K.L.:
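A single structure is presented below for examination.
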Amino acid sequence: MTFGQTEAESQPVAQLSINISSNKNMSSKAKLIPSTSDSLAQAGERLRAGDLVSFPTETVYGLGCHALDPVAVKKVFQAKERPLTDPLIVHVNNVESALHLWDASSSSSSSSSNKNENENENIQKKTLKALVDRFWPGPLTIVAKASPKVPSIIMANTGFVACRSPSHPIARALIDKSEVPIAAPSANKFGHVSPTKASHVFDDLGMEDVWIVDPSLNDDDAVVDETQTDVIVCDVGVESTVAKVEFVNDSDGIITVLRHGAISSQDIKKCLQDAGLDGQLKIQSKQQATGDNVNHVAPGQTIRHYSPNVQSYMVSHERCIGKKSLSEEEMSIVKNAVIIDFGGRLEFLKENALAYRDLSTNGHSDVAASKVFDTLRWSESIDGAQRVYFPELNIGANDDDALVLAVKDRLTRAASGVVVSTLI
Ligand code: TXA
Ligand code: MG
């Protein structure tokens, strides 16, 4: 996509329409706006009025709306083409706002005595508080029982609401200016690769009525640093860890890690130990798409997510460490394939491939995480690409490098869980 940024930069925010001649699509509705105070104030007003604003966080770009306005929330589902069965995360700037949305005082058992209810309330509140104190602001989303005032559309009628306090200054400034909690899923079309740049959002949502905060448009008065126009966004690069806090009876809680992100189960466990709560809480991880349990699932089945629009496969760990030579048939396939490598595992395909990138030649998971979504989108832009291959990462679910698990999870989903040992 071409943006014509110079043209946009010289315009005031209200005229930043991306309906420019260099853009193929003359009917785009989306607007790019800088992240100056004035611009974010206008974006905040827009959110309060029930319209959509896409903004960067430290993880990925979100597609924001007024979380307590069900009509606005519906617009997000429509713009993303996301099923109403998939709930949204509410973004807040402090624990007080989250406690208004969570119903930390309610018990799941209606027959509890008052004493037990109070104990339960204490444990729930202590648990939420311990997690928030340790990990907020930052990439941890906490799902807990919702207060009755939370619109059910955000929670997909589950009665549990997800809250997160982002650390990125632009996201925080926008929440402040809007003066409302902001519900925001990742700002991609449902099932597509998550966005880490304003251009990614524009590519997916350019036809929607959305403002997109793009700090590269800043000339002065930038929110993060008034002298800096090149503001770093989405530096973590993968979405937040999602942890659900649930009490099955009056005193026993379960924390389920529903999605891998930068904060690991071990980090959560340690936090609860430090708070003296580990005796009352069990921590478990939801079965992830780790490769072992999803091998040979046909493309397009349930775990499909983050998918580039080119057929994608993981090359088995055995092949990565085993046979390096290619059959003639493999050679002809690799010729039209894009390789997204990690730590040089697929280097043996490099010289025959149509295009090749390594997320981190040294195998650094933080670097790989920060690049994974941009690289998946890059693979879609390669002319003539018929296949994308990634290495299968042979990493156990108990590995405590949170980001390597997160990268493995995203690549596994991008390949719909399909692992091949012969390049097909
Ligand atoms: O880093 C992030 O979390 C980004 C940025 C924008 O904050 N947001 C994001 O949102 O990734 P989304 O909607 O793409 O992913 C949210 C995940 C989904 O897997 C959703 O099912 C889960 O969180 N989730 C949200 N609310 C939930 C709830 N009430 N119960 C269980 N899972 C929930
Ligand atoms: Mg998403």
Side-chain angles (χ1 to χ4, degrees), residues 52-65 67 73 76-77 79-93 98 101-103 135-147 150-168 170-172 174-175 181-196 200-201 204-205 212-213 233-246 254-263 286 288-289 302-307 369-370 373 376 402-403 406 409-410 413-414:
L52 310 188
V53 176
S54 175
F55 59 96
T57 75
E58 72 279 22
T59 58
V60 300
Y61 260 80
L63 177 61
C65 70
V73 175
V76 165
F77 280 97
K80 268 187 71 93
E81 297 167 36
R82 171 163 165 148
L84 289 165
T85 47
D86 199 355
L88 306 186
I89 297 171
V90 183
H91 296 67
V92 293
N93 268 352
L101 300 168
W102 289 324
D103 186 12
F135 299 112
W136 281 11
L140 177 68
T141 294
I142 304 170
V143 179
K145 201 144 194 289
S147 123
V150 178
S152 56
I153 185 170
I154 304 183
M155 306 181 280
N157 287 316
T158 58
F160 282 78
V161 66
C163 295
R164 144 166 151 77
S165 187
S167 61
H168 198 282
I170 293 176
R172 298 189 71 76
L174 185 63
I175 296 167
I182 302 178
S186 51
N188 49 288
K189 286 282 181 190
F190 182 69
H192 194 217
V193 180
S194 297
T196 52
H200 297 162
V201 180
D204 278 21
L205 302 177
I212 303 163
V213 179
V233 298
C234 307
D235 52 328
V236 176
V238 290
E239 304 90 334
S240 59
T241 301
V242 178
K244 183 172 184 182
V245 178
E246 204 172 358
I254 296 182
I255 296 187
T256 311
V257 176
L258 299 174
R259 180 173 72 184
H260 290 306
I263 290 162
K286 197 179 160 227
Q288 294 284 320
T302 50
I303 66 160
R304 185 179 166 83
H305 211 84
Y306 310 114
S307 298
S370 71
F373 288 141
L376 286 169
L403 284 173
D409 177 65
R410 296 340 181 248
R413 287 173 192 275

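Remember, it's 1-based here, ligands and their atoms both numbered in the order they're listed. In this text, all values refer to a predicted model and were calculated from it rather than measured experimentally.
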K.L.:
Does anything in residues 184-194 pair up under salt bridge (Lys or Arg N to Asp or Glu O under 4.0 Å), and if so which pairs, sequence neighbours excluded?
P.N.:
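Found Glu81-Lys189, Lys189-Glu208.
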K.L.:
If the cut-off is 4.0 Å to any non-hydrogen atom of Val143, which atoms of ligand 1 fall inside it?
P.N.:
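Counting from 1, the qualifying ligand atoms are 28 (C), 29 (N), 30 (N).
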K.L.:
Considering only non-hydrogen protein atoms, determine which one is nearest to atom 32 (N) of ligand 1 and report residue, atom name and distance to 0.1 Å.
P.N.:
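Protein heavy atom with the smallest distance to atom 32 (N) of ligand 1: Leu258 CD1, 3.8 Å.
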K.L.:
Nearest non-hydrogen contact with atom 17 (C) of ligand 1 belongs to which option: Glu58, Lys80, Arg259?
P.N.:
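Among Glu58, Lys80, Arg259, the closest heavy atom to atom 17 (C) of ligand 1 belongs to Arg259.
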K.L.:
Does any N or O atom in Phe160 lie less than 3.5 angstrom from one in ligand 1, N or O only?
P.N.:
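By distance alone, the answer is yes.
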K.L.:
Working to the nearest 0.5 Å, report the span between NZ of Lys80 and CG of Leu88.
P.N.:
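Lys80 atom NZ to Leu88 atom CG measures 8.5 Å (nearest 0.5 Å).
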K.L.:
Show which atoms of ligand 1 fall inside a sub-4.0 Å distance from at least one heavy-atom site of Thr59.
P.N.:
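Close to Thr59: 1 (O), 2 (C), 4 (C), 5 (C).
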K.L.:
Would a 4.5 Å heavy-atom cut-off, applied to side chains only, mark Ile212 and Leu205 as touching?
P.N.:
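Not in contact.
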K.L.:
Looking only at heavy atoms, which two atoms of Val90 and Ala67 are closest? And how far apart?
P.N.:
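Scanning both residues completely, I find the closest heavy atoms to be CG1-CB, 3.8 Å.
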K.L.:
In the structure I gave you, are the side-chain heavy atoms of Leu52 and Val76 within less than 4.5 Å of one another anywhere?
P.N.:
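Result yes, sub-4.5 Å side-chain heavy-atom pair found.
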K.L.:
Which bit of Arg82 is near ligand 1, meaning a heavy atom under 4.0 Å away: side chain, backbone, both or neither?
P.N.:
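Side chain only; the backbone of Arg82 stays clear of ligand 1.
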K.L.:
Answer with yes or no whether the side chains of Thr141 and Ser240 bring together a donor and an acceptor at under 3.5 Å.
P.N.:
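Side-chain D/A pair, Ser240 to Thr141: present.
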K.L.:
Heavy atoms only, cut-off 4.0 Å: how does Leu88 contact ligand 1, side chain, backbone, both, or neither?
P.N.:
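It is the backbone that touches ligand 1; the side chain stays farther off.
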K.L.:
Nearest protein heavy-atom contact for atom 6 (C) of ligand 1: which residue, which atom, what distance?
P.N.:
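Atom 6 (C) of ligand 1 sits closest to the protein heavy atom Gly62 CA, 3.5 Å.
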K.L.:
Checking a contact table here: which protein heavy atom is nearest atom 3 (O) of ligand 1, and how many Å away?
P.N.:
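Of every protein heavy atom, Ser240 OG, 2.5 Å lies nearest to atom 3 (O) of ligand 1.
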K.L.:
Nearest protein heavy atom to atom 7 (O) of ligand 1, by residue and atom, and its distance?
P.N.:
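Ranked first by proximity to atom 7 (O) of ligand 1 is His91 NE2, 2.6 Å.
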K.L.:
Nearest protein heavy atom to atom 20 (C) of ligand 1, by residue and atom, and its distance?
P.N.:
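Checking every protein heavy atom, the shortest distance to atom 20 (C) of ligand 1 gives Asp86 OD1, 3.4 Å.
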K.L.:
Can you tell me if, anywhere in Asn188, an N/O/S atom lies at a distance from the Mg ion (ligand 2) that is smaller than 2.8 Å?
P.N.:
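No - counting backbone and side chain alike, Asn188 has no N, O or S atom under 2.8 Å.
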K.L.:
When you look for heavy atoms under 4.0 Å from ligand 1, do you find them on the side chain of Arg164, its backbone, both, or neither?
P.N.:
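Looking at Arg164 and ligand 1, just side chain atoms fall under 4.0 Å.
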K.L.:
Which protein heavy atom lies closest to atom 23 (O) of ligand 1, and at what distance to 0.1 Å?
P.N.:
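It is Val242 CG2, 3.8 Å.
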K.L.:
Please say which of Glu239, His168, Arg164, Arg172 ends up in a side-chain hydrogen bond (donor to acceptor under 3.5 Å, both in side chains) with Thr57.
P.N.:
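The option that passes is Arg164.
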K.L.:
Of the protein's non-hydrogen atoms, which lies at the shortest distance from atom 9 (C) of ligand 1, and what is that distance?
P.N.:
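Heavy-atom neighbour on the protein nearest atom 9 (C) of ligand 1: Ser186 N, 3.7 Å.
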K.L.:
Are the side chain of Thr158 and the backbone N or O of Phe160 linked by a donor-acceptor pair below 3.5 Å?
P.N.:
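Yes, Thr158 side chain to Phe160 backbone: donor-acceptor pair under 3.5 Å.
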K.L.:
State, yes or no, whether a side-chain contact exists between Asn188 and Phe373 at a heavy-atom distance under 4.5 Å.
P.N.:
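Of all side-chain heavy-atom pairs linking Phe373 with Asn188, none is under 4.5 Å.
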K.L.:
Which protein non-hydrogen atom lies closest to atom 24 (N) of ligand 1, naming both residue and atom, and how far is it?
P.N.:
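For atom 24 (N) of ligand 1, the nearest protein heavy atom is Pro87 CG, 3.8 Å.
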K.L.:
Under the side-chain contact (heavy atoms from CB on, under 4.5 Å) test, which residues partner Asp235, sequence neighbours left out?
P.N.:
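For Asp235 the side-chain contact (heavy atoms from CB on, under 4.5 Å) partners, ignoring immediate neighbours, are Glu58, Ile232.
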K.L.:
Check each atom of ligand 1 against the heavy atoms of Ile89 and keep those under 4.0 Å away; list them by number with element.
P.N.:
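Near Ile89, meaning under 4.0 Å from one of its heavy atoms, ligand 1 has 3 (O), 8 (N), 9 (C), 10 (O), 16 (C).
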K.L.:
Between Thr241 and Phe135, is any pair of side-chain heavy atoms under 4.5 Å apart?
P.N.:
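Side chain of Thr241 against side chain of Phe135, heavy atoms only: no contact under 4.5 Å found.
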